[in-house]
S.K.: 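Quick one: structure below, then a few questions.
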Amino acid sequence: MSAPALSAVPATAESTPAESAGNSVLAAVRLKPSGLPTSNFPLGIPGIPKSAAKSLAAGVEYISVKHGTSEDGYTVSLLQNSNDAMSATTAQNLALAAQSAGFEPTVVQFTRPAVADFPAQDFWMVRIGNWTLKQKDQAAKVVAQLKQAGLSAKVDFLGDDGFLTSGPWSMRLLIIDPKTFRGSFASSLGTSTATREKVSAMAKADGAMAAINGGFFDIHTAAAYRGDPTGISVVDGKLLSEAVDGRTAVVMKGRSVRITELTSTMLATSGDGSTAPVGGVNRVPKANELVLYTEEFGAKTPATGGAEAVLDETGKVVGIRNAGGKVTKGKRVLHGVGAGADWLWAHAWEGKQIGIKTSVKDLRRGKSVPLTPDTYIVGGGVGLLKNGKTWITASTDGMANINMIVRRHPRTLVGVAKNGKVILAVLDGRAPGTTVGASFHEAARLMRWLGARDAINLDGGGSSAMVIGKKVVNKPSDGSERAVGDALLVRP
């Protein structure tokens, strides 16, 4: 029996060395009155995209963009331990097993492209067949037949896999010029940090003219606390979720927006001069940790068996209790587990002060970020552009894997141009025949095409949402709007 065919399939076009050559042409791109470049859409077959623009207010333009054609269909990808990407040896053995069962597999080699903090690596897939969009049922029948033969497989839409595609793409944009914009930018965690809420609800409660979803939230914690952002959140100058050191974020103050890497620290000092680091804000604590809960938490603190010091607005200890209780208005709760609880029992005396010093540092500027009442920060997921060049920080942000780097998903993106213009983009995906989304490299190309000098990827997938007024204007891939951890708001 001959070995199955080995064929090389390129990953996204953005993974080639040619990407860096495109940076030099940005300065020559002229803009239409709508704010879109006159150059070709950067993905798929070259061409000027279809677009429609509407002014929402002075300096705020809403634009819809469509480009490309639907040519991708379905294939069947074989799985090894639930993974469709594997080593060459594993792929060849799996293909031989499929061939022995009477199928005609093809072994496909591809490269997970390098990013700023993670090297490239080759992988192999085993695929069977090619069907049109209307023939998905036929692919599903092959998956069932493979299962009967003892082989695991899935139906795979070819537009999702990150290889070359003609699209199509459907994107919503807000282009905001701070020179004429008279509103401001803000963030919201909704009614509480512990629970999730829809972007439309947060926008309505704030009176925002527009909004997009914010960063990733913790779906792996206890169900009652899954609104917790997995990165930094600052609302009204208050640190409500700590930074992941070095992770990219969006810093907003008034009409200005910048994208940078941040770190945050909190230190508790008791009345007797003893100090202890506070590891987090408004989240479930780790072993031997102190965590601060603010009145925005909106839920009972976890009953971890530790200790809690209830603080008033001045930092005075007004109560010591076992862990697990409400955080009432005007109060904060310093929660300790293990060594953290021991520190509280030893140093948090009722009637005495506990000072909590909070610092957020901008790693690009090397300076602290003043936490004034008009300061807002949304923690992102992955940096995309830095000083006009592709700078994808997938490893730093915990997303250095094939699913996130290579495959296409709906994306929510924020960019800032050299002249200060702010670009908010929601690219729909996971809709075969309608819109395919983007990989990280493709998202970076899109933002650079739109004129961004710095750009960031926020939460995506089913979370991607853009709200104009009271309406969700994109088409979330879940079929309806998803409740999320936080939102970025454009205030009138």
S.K.: Could you work out, with ring pair (Phe, Tyr, Trp, His ring centres under 6.0 Å) as the rule, every residue matching F181, not counting sequence neighbours?
M.R.: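 F181 satisfies ring pair (Phe, Tyr, Trp, His ring centres under 6.0 Å) with F185 once adjacent residues are dropped.
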S.K.: Please name the residue in the list L424, V378, L384 that meets the side chain to side chain contact (heavy atoms under 4.5 Å, CB included) test with V414.
M.R.: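 The single option meeting the side chain to side chain contact (heavy atoms under 4.5 Å, CB included) with V414 is L424.
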S.K.: Identify whether the distance between the nearest side-chain nitrogen and carboxylate oxygen of D84 and K154 falls below 4.0 Å.
M.R.: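 Answer for the salt bridge query: yes.
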S.K.: Do D206 and S188 get their side chains close enough for a donor-acceptor pair, meaning under 3.5 Å?
M.R.: no
S.K.: Could you check if a side-chain atom of I456 sits within less than 4.5 angstrom of a side-chain atom of L413, using non-hydrogen atoms only?
M.R.: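 No, every pair of side-chain atoms sits at 4.5 Å or beyond.
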S.K.: Atom NZ of residue position K238 - does it have more than 12 heavy atoms of other residues, nucleotides or ligands inside 6.0 Å?
M.R.: yes
S.K.: Between D478 and R430, is there a salt bridge with N-O shorter than 4.0 Å?
M.R.: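 Answer for the salt bridge query: no.
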S.K.: Could you go step by step and tell me if D459 and S464 meet the side-chain hydrogen bond (donor to acceptor under 3.5 Å, both in side chains) rule?
M.R.: CA-CA 7 Å; D459 191 7; S464 283; over 6 Å; no
S.K.: Strictly by modelled atom types, are E296 and S192 linked by a side-chain donor-acceptor pair under 3.5 Å?
M.R.: no
S.K.: Inspect the contact between D156 and R407 and indicate whether a charged nitrogen and a carboxylate oxygen are less than 4.0 angstrom apart.
M.R.: yes
S.K.: Taking the six-membered ring for Trp, are F110 and W124 ring centroids under 6.0 Å apart?
M.R.: no
S.K.: Side-chain donor-acceptor pair under 3.5 Å between T111 and D122, yes or no?
M.R.: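 Yes, a side-chain donor-acceptor pair sits under 3.5 Å.
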S.K.: With V333, which of V291, T328, V310 fulfils side chain to side chain contact (heavy atoms under 4.5 Å, CB included)?
M.R.: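 One option only clears the test, and that one is V310.
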S.K.: Are any of the side-chain heavy atoms of F123 and M86 separated by less than 4.5 Å?
M.R.: no
S.K.: Are any of the side-chain nitrogens in R332 or E295 under 4.0 Å away from the carboxylate oxygens of its partner?
M.R.: no
S.K.: Report the relative orientation of the aromatic rings in F41 and W449; use parallel for angles under 30°, tilted for 30 to 60°, perpendicular for over 60°.
M.R.: perpendicular
S.K.: For residues 335-344, please give each side-chain donor-acceptor pair under 3.5 Å, one per line with the distance, not counting sequence neighbours.
M.R.:
from, atom 1, to, atom 2, distance (Å)
H335, ND1, E308, OE2, 2.6
H335, NE2, T304, OG1, 2.9
W343, NE1, S274, OG, 2.9

S.K.: Is a donor on one side and an acceptor on the other found under 3.5 Å between the side chain of R453 and the backbone of K418?
M.R.: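 Flag not set: sc R453 to bb K418 has no pair under 3.5 Å.
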S.K.: To the nearest 0.5 Å, what is the distance between CG on L458 and CG on L488?
M.R.: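 These two atoms lie 7.0 Å from each other.
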S.K.: Within the 4.5 Å heavy-atom criterion, are V278 and L267 side-chain neighbours or not?
M.R.: no
S.K.: Kindly check if the number of other-residue, nucleotide or ligand heavy atoms within 6.0 Å of NZ (K326) is above 12?
M.R.: no
S.K.: May I ask you to say whether K316 pairs ionically with E350, meaning some side-chain N is under 4.0 Å from a carboxylate O?
M.R.: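 Salt bridge absent between K316 and E350.
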S.K.: Between E261 and R247, does any NZ, NE, NH1 or NH2 come within less than 4.0 Å of an OD or OE carboxylate oxygen?
M.R.: no
S.K.: Is the NZ atom of K475 crowded by more than 12 outside heavy atoms at less than 6.0 Å?
M.R.: no
